[in-house]
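Heads up: the structure comes next, in structure tokens.
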Number of protein chains: 2
Amino acid sequence: MLTDRQLLILQVIIDDFIRSAQPVGSRTLSKKDKIAFSSATIRNEMADLEELGYIEKTHISSGRVPSQKGYRYYVDHLLPPVRLTKEDLAKIQSIFNEQIYELEKIVQKSAQILSDLTNYTTVVLGPSVKDHKLKTIQIVPLNKETAVAIIVTDTGHVEKHVITIPPTIHPSDLEKMVNILNERLIGVPLIDLNEKIYTEVADVLRAHIQSYDSILKTISASLDLDLNAPAQMFFGGKMNMLRQPEFSDIEKVRSLMNIIEQEKEFYRLLRKHQQQGIQVKIGKENEVKGMEDCSLITATYSVGDEKLGTIAVLGPTRMEYSRVISILNRVASDLSNVLTQWYQKY
Amino acid sequence: MLTDRQLLILQVIIDDFIRSAQPVGSRTLSKKDKIAFSSATIRNEMADLEELGYIEKTHISSGRVPSQKGYRYYVDHLLPPVRLTKEDLAKIQSIFNEQIYELEKIVQKSAQILSDLTNYTTVVLGPSVKDHKLKTIQIVPLNKETAVAIIVTDTGHVEKHVITIPPTIHPSDLEKMVNILNERLIGVPLIDLNEKIYTEVADVLRAHIQSYDSILKTISASLDLDLNAPAQMFFGGKMNMLRQPEFSDIEKVRSLMNIIEQEKEFYRLLRKHQQQGIQVKIGKENEVKGMEDCSLITATYSVGDEKLGTIAVLGPTRMEYSRVISILNRVASDLSNVLTQWYQKY
DNA sequence: GTTAGCACTCTCATTAACCGAGTGCTAAAT
DNA sequence: ATTTAGCACTCGGTTAATGAGAGTGCTAAC
């Protein structure tokens, strides 16, 4: 329903505003190469665009600023194509340059590079360990009372857990228990461990081990807690927001940092973004107080068909959507490829 | 060489300025209970104090502000006694309430509580693992090429390390190697591991194992890297600085955050503060550009006589020295006590 | 349908005036 | 010999006035 000319104007307004952070006036627009008509014409079109809700004035005689609806339309239909420069590609490549075998490190480095590249804040939601499969479980006694339980998954992830050992348990029982656990539970996804303990392991334990009750508690202690914990979040460029002119007000910085720092809220927000592909949430679409001036762009990365985690870029609503989306696409797919390739070995 | 009255005035000026963040004038001072002489007298005394360098004016006809020298004198000689409230003590106690057996968690929680209590930024330098002693080393093969090496120390600390296994190494050799390592190296401090490998283990290995060269590389890979890594730093209340009026300027926030975020610089700074007891570095005493308006108060915590790490509180020079020092003293000694008690079991 | 022209609006930067908090100095009081 | 009252003076911060500049909406001409 918008005419081509209106679309052109909308696009140029948003492009210019993203660059300059200043309201865009009709005269500025009329000087652009792409635009061949006079400022008066532009003024008329702008009045229409404003009436339709795509742009706004900051005050009665100011230039125009994109509205949330405007950004939404821009993101959905008007994104200018971006080609990543060689430098950009090289940096992205550098994430995978070193031979890294640890998922966490690679994910952390991705967050780092991504924030360098975009100058915004990035968050990478690490893969939940729930679906990883048990490779081995070890219990290393530290002294009479405590021991550290170590769980290794098929992906090389290591969980540790310091536990107390009730004095009723005999060391040899402990050893037996570990053997039984390893015999019966290798290959089981961590999330199913608790169930399997009761269906598969409990009977065997009862048959072989004296202090059955306390040993069960010990097992629970070593396996239970880590499952409900949220997946790790890796941040990059937390302070990049300070450079954006929209955050020259210390109050805004504070309220935004509050959201980021108390990670729970932010984690919940990211959990919503589990769908395949790039997702863009603009301003109030995030439904979080204090993020009205922010946009969140997310992508997922995966191994084969299985989603592993989410990569997110947080910036002002006046964000370089095109560029960020391109970069994010690239990083997510490269990361998926590398991980897929890597996991195939197992 | 300062008269009692001058000291009194200096103290009241600093106390007031710490509270209000506003330059203190003679009239304000004369209204204080402690002060029984007129504003004119105070003006004379202040002129002297200024000449001696303990206080400064922000402009020719303003009230006085403590100088760095003033703060230094205040910290060294004029600290008003502070008694921690029951609430404060209860919060500090709560660090140790839960039965926590993991050093990292307890240290992290200390940082958290400390920043809550002081409203400043806190850093806790975790203990370096270098001095911990090897409890066991395990190598868990993940697939043909990679394995994860797991080092457990007597303190329950777990290091993991993904390594590649050269195809020339036979799995049984790997097993032999692990056995030999465990036989020979248990109880050795991590920092001495590399040396011991050559003095104690190399010969045995050569005698028993075929692919001697590649296995040595593998060992190095599993043990080498983690030693030079700096000890972990745990932050609390990174954003608390935003609430201080001296950081209403976004530029200052940025330069300070830069220092904090790129942890290396900050780590180096903390390393200087290894001496026993409370240390206070005021403003430029920190010798870090961008920290001219900050003070750093540090304490060490230890097990028995052995220093483990450093606890630090970073605030504006206009910091509540008295309160922070009291709290820090308490936390450091409580932490030391708990850890000493805990470690004695080993 | 497009554009030139014009009156009007509003922000922002500059300047001037003023208030208030604070100082230093002098002279009187203790 | 101190201490204090008094007074002239300084300077930052706030308010108000002014003007320039950017931008708009509307009308009338092209």
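What you are looking at is a predicted structure, and each value in this text was computed from that prediction instead of being measured.
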For the pair made of [atom1] in [X] and [atom2] in [N], what is the distance, rounded to whole Å?
X     : N      : atom1 : atom2 : answer
A:I55 : D:dG25 : CD1   : P     : 9 Å
B:L29 : C:dA21 : CG    : P     : 15 Å
A:E45 : C:dT2  : CD    : P     : 7 Å
A:N44 : C:dA4  : CG    : P     : 13 Å
B:F37 : C:dA29 : CZ    : C1'   : 19 Å
B:E50 : C:dC25 : CD    : P     : 11 Å
B:L49 : C:dG24 : CG    : P     : 12 Å
B:E56 : C:dT23 : CD    : P     : 15 Å

How are the rings of B:F266 and B:F235 set to each other: parallel, tilted or perpendicular (split at 30° and 60°)?
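Judged by the thresholds at 30° and 60°, the geometry between B:F266 and B:F235 is tilted.
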
Rounded distance (nearest 0.5 Å) linking atom OG1 of A:T118 with atom CG of A:L328:
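It is 9.0 Å, given to the nearest 0.5 Å.
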
Working to the nearest 0.5 angstrom, can you tell me the gap between A:Q244 CD and A:L256 CG?
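Here the rounded value is 11.0 Å.
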
Check whether any side-chain N or O of [X] sits under 4.0 Å from OP1 or OP2 of [N], and answer yes or no.
X     : N      : answer
B:R43 : D:dA5  : no
B:K57 : C:dG24 : yes
A:R64 : D:dG25 : yes
B:S26 : C:dT23 : yes
B:T28 : C:dG22 : yes

Return yes if the base of C:dT9 and the side-chain atoms of A:S61 contain a donor-acceptor N/O pair under 3.5 Å, otherwise no.
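Result: at least one qualifying N/O pair found.
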
Counting distance alone, no hydrogens or angles: does the base of D:dT4 have a donor or acceptor under 3.5 Å from a partner atom on the side chain of B:S38?
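Checked by distance alone, the answer is no.
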
Picking from D:dT4, C:dC10, C:dG24, which would you name as closest to the side chain of A:H59?
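Within the option list, the nearest is C:dC10.
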
Side chain of A:R5 only, please: which of C:dT3, C:dT2, D:dT4 is the nearest?
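Nearest listed nucleotide: C:dT2.
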
So do A:R64 and A:L49 actually touch side chain to side chain, heavy atoms under 4.5 Å?
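A:L49 does not reach A:R64 side chain to side chain.
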
Regarding B:S326 and B:N329, do their side chains bring together a donor and an acceptor under 3.5 Å, going by distance alone?
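B:S326 vs B:N329: no donor-acceptor pair found between side chains.
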
With sugar-phosphate meaning primed atoms plus P, OP1 and OP2, does A:T41 contact a base, only sugar-phosphate, or nothing at under 4.0 Å between heavy atoms?
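The residue A:T41 makes base contact.
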
